Engineer: 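This is the structure, below, for whatever I ask next.
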Protein chains: 2
Amino acid sequence: MATGRTHRPATRSRGIPEATVARLPLYLRALTALSERSVPTVSSEELAAAAGVNSAKLRKDFSYLGSYGTRGVGYDVEYLVYQISRELGLTQDWPIVMVGIGNLGAALANYGGFASRGFRVAALIDADPSMVGKPVAGIPVQYIDDLEKIIEENGVSIGVIATPAGAAQQVCDRLVAAGVSSILNFAPTVLSVPDGVDVRKVDLSIELQILAFHEQRKAGEDGGVGGADLPSAAAVRAAAPAAVAASPASTAGRKGPDGDVPAVMPA
Amino acid sequence: MATGRTHRPATRSRGIPEATVARLPLYLRALTALSERSVPTVSSEELAAAAGVNSAKLRKDFSYLGSYGTRGVGYDVEYLVYQISRELGLTQDWPIVMVGIGNLGAALANYGGFASRGFRVAALIDADPSMVGKPVAGIPVQYIDDLEKIIEENGVSIGVIATPAGAAQQVCDRLVAAGVSSILNFAPTVLSVPDGVDVRKVDLSIELQILAFHEQRKAGEDGGVGGADLPSAAAVRAAAPAAVAASPASTAGRKGPDGDVPAVMPA
DNA sequence: ATGTCTTTGTGAACGCGTGCACAAAGATGA
DNA sequence: TCATCTTTGTGCACGCGTTCACAAAGACAT
């Protein structure tokens with residue numbers, strides 16, 4: 001442990017900006033890597049590079065947590081790992097339930113990474129009776145009817161939804177009613193929840209669409225202000241045949257593999 | 001189609017704020033749902049509710065695209081679907097490659113949702129020879145050595161990385177060298193790429209950690225200043241036993257299932 | 001044609017997040 | 001003890017994004 005403890009008592013709780021909170025896991029990951037290599041200290045410059053952010057931003061982020069650092073030296077790796085872990089609430093055990101054990105749900109459940117950061121898969125839940133009892137990642141799948149009981153008994157407050165879009169809101173409602181107050185949503189739907197419940201969403205389809213936007217912008221560049229360019233090699237590619245929703249009319253009757261898709265993906 | 005065409009010529013291209021771009025897919029999804037129900041028009045209020053945003057924000061977002069709306073009436077659903085699709089570049093076909101066909105990669109590949117929005121899985125690529133040739137989602141897995149050739153031949157400009165963390169940067173470099181300029185990264189690593197290449201990351205572990213932070217904040221409330229809510233049992237739960245990385249020392253020697261984990265998950 | 005009613009489009013104010021740049025703090029060596 | 005050198009912590013300014021609030025635009029009825 002580095003410097004003496006002239007640090008602020010605690011968290012200054014409410015004061016940590018959301019943007020900073022979102023970066024803490026990045027810092028933690030970089031610090032853990034350093035820790036495993038037994039690096040004793042890091043400068044804000046080094047750590048920022050490892051985390052892919054600006055060093056000034058990193059210092060400001062840390063300043064919200066308190067003054068953990070030694071001028072002229074840097075930050076004590078182990079100490080900082082501990083402080084950030086504590087700040088993020090990773091020094092305690094978080095039992096989570098995952099609802100919807102389809103392709104994606106099963107893939108997520110199969111990660112060993114859960115346990116390594118204070119998260120423990122307390123239960124896997126599905127609505128398909130034929131799945132029930134079948135072990136996924138060593139954990140037997142349980143039936144959706146027992147959702148409330150499972151949450152109750154395991155003291156779960158974080159839930160992961162990996163169901164089809166059509167089922168997501170219903171599952172969400174039941175989770176919330178049973179006491180879950182943080183939800184990670186992989187279903188392509190907007191969930192509505194009461195105040196006090198946090199929802200974060202992961203949506204591959206949206207990410208791809210954002211990438212497509214930028215990709216299109218890159219392709220249609222050198223031309224001019226307007227739009228109809230499409231020049232270079234990259235552009236040639238973009239000029240592929242197919243067209244989805246190309247005409248306003250074509251979208252109407254469609255009812256593809258979407259509309260009820262399992263998880264991360266679709267629009 | 002609603003009003004006459006007093007609209008601006010085109011996109012005002014560069015002018016669309018990033019935050020707006022990130023919401024366009026949400027609007028598109030909501031509009032598509034309306035379209036399928038044959039709803040002819042929506043007001044900003046209704047659509048905003050469906051997309052889970054503020055109506056003023058939605059109107060401002062749309063104003064960046066041009067003036068597609070009729071005062072006193074609202075927006076023409078079909079027309080707006082088309083405009084947003086075009087803006088996002090979804091009226092063209094985007095071939096993508098996915099590298100790393102493990103649990104997660106396979107799960108992602110299995111989504112039918114890809115094709116439904118202009119994205120087409122051109123190839124699945126893995127470094128495990130025993131995977132090669134095996135069909136996943138109806139597409140035979142190809143060997144990593146052919147990566148460059150595959151990208152070239154298919155004119156791929158968007159790549160998805162679902163490899164273990166340790167392989168991600170290397171795969172990324174090869175993708176970029178081969179001409180890919182947009183990457184969706186599921187590996188828990190910070191990728192460094194040259195200018196002009198867009199990277200978006202999806203990281204379950206980070207999302208969970210952010211949720212844990214807020215969950216902890218909710219739990220440890222009553223004592224402090226702000227809001228002593230949480231009347232229910234939720235608070236009791238958070239006071240769980242176990243502790244990960246509870247002591248600064250405990251983190252050092254650890255080398256769990258992490259460190260090289262496949263994809264979305266770990267820290 | 002005219003008035004009323006609805007809903008858009010946007011000017012303006014505000015707040016958050018970012019990055020610069022520097023003073024203060026501490027380490028280190030003479 | 002004092003000077004120098006490194007690196008933190010932060011005051012400040014700037015720009016982006018959000019939200020309010022309202023004038024303008026158009027639909028619709030009379």
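Residue numbers begin at 1 in each chain, while the letters A, B, ... track the order of the sequences. As the structure is a computational prediction, the values presented were derived from the model and not from experiment.
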Engineer: Please report, rounded to the nearest Å, how far the P atom of C:dT8 is from the OH atom of B:Tyr79.
Structural biologist: 16 Å
Engineer: Nearest of D:dT8, D:dT10, C:dT7 to any side-chain atom of B:Ser43?
Structural biologist: C:dT7
Engineer: Of the nucleotides D:dA27, C:dT18, D:dG17, which one has an atom closest to the side chain of B:Val73?
Structural biologist: D:dA27
Engineer: Can you confirm whether B:Gln170 is buried at CD, in the sense that more than 12 heavy atoms of other residues, nucleotides or ligands lie under 6.0 Å from that atom?
Structural biologist: no
Engineer: Roughly how many Å is it from CD in A:Glu18 to P in C:dT18, rounded to a whole number?
Structural biologist: 11 Å
Engineer: I want to confirm an ordering. Mapping A:Lys57 and B:Tyr75 to their closest nucleotides on DNA chain C, which one lands closer to the 5' end?
Structural biologist: B:Tyr75
Engineer: Whole angstrom is fine here: how far is it from CG in A:Leu58 over to P in C:dG17?
Structural biologist: 16 Å
Engineer: Distance-only, no hydrogens or angles: does the A:Glu45 side chain make a donor-acceptor pair with backbone N or O of A:Ser55 under 3.5 Å?
Structural biologist: no
Engineer: Would you indicate which nucleotide in D:dT10, C:dG17, D:dT19 comes nearest to any side-chain atom of B:Asn54?
Structural biologist: D:dT19
Engineer: Which is true for A:Phe62 with a 4.0 Å heavy-atom rule: it touches a base, it touches only sugar-phosphate, or it touches nothing?
Structural biologist: nothing
Engineer: Between the protein and nucleotides 21-24 of chain C, list the N/O to N/O atom pairs that are separated by less than 3.5 angstrom.
Structural biologist:
from: C:dA21; atom 1: N6; to: A:Arg59; atom 2: NH2; distance (Å): 3.4
from: C:dA24; atom 1: N3; to: A:Arg71; atom 2: NH1; distance (Å): 2.7

Engineer: Are OP1 or OP2 of C:dT8 and a side-chain N or O of B:Ser44 less than 4.0 angstrom apart?
Structural biologist: yes
Engineer: Starting at atom CG of A:Asp76, determine the distance to atom C1' of D:dT7, rounded to an integer number of angstrom.
Structural biologist: 15 Å
Engineer: Taking OP1 and OP2 of D:dT7, is either one under 4.0 Å from a side-chain nitrogen or oxygen of A:Tyr68?
Structural biologist: no
Engineer: On DNA chain D, compare the nucleotides closest to A:Gly72 and B:Asp61; which residue's is nearer the 5' end?
Structural biologist: A:Gly72
Engineer: What is the distance from CG of A:Leu47 to P of D:dT6, rounded to the nearest Å?
Structural biologist: 20 Å
Engineer: Quickly work out the B:Glu46 CD to C:dT6 P distance and round it to whole Å.
Structural biologist: 14 Å
Engineer: How close or far is atom C1' of C:dC16 from atom CD1 of A:Ile16, stated in whole angstroms?
Structural biologist: 16 Å
Engineer: Would you say the side chains of A:Ser205 and A:Gln209 form a donor-acceptor pair under 3.5 Å?
Structural biologist: yes
Engineer: List for me each residue that meets side chain to side chain donor-acceptor pair (under 3.5 Å) alongside A:Asp61, sequence neighbours excluded, and say none if there are none.
Structural biologist: A:Thr20, A:Arg23, A:Tyr27
Engineer: Does a side-chain N or O from B:Tyr64 land closer than 4.0 Å to OP1 or OP2 of D:dG17, or not?
Structural biologist: no
Engineer: Measure distances between side-chain N and O atoms of B:Lys60 and base N and O atoms of D:dT19, and say whether any donor-acceptor pair falls under 3.5 Å.
Structural biologist: yes
Engineer: Please answer whether the main-chain N or O of B:Ser43 pairs with a side-chain N or O of B:Glu46 as donor and acceptor at a distance below 3.5 Å.
Structural biologist: yes
Engineer: Please confirm whether the backbone N or O of B:Leu31 pairs with a side-chain atom of B:Ser35, one donor and one acceptor, at under 3.5 Å?
Structural biologist: no
Engineer: Before accepting this row, confirm whether a basic side-chain N of the pair B:Arg217/A:Asp198 lies closer than 4.0 Å to the acidic partner's carboxylate O.
Structural biologist: no
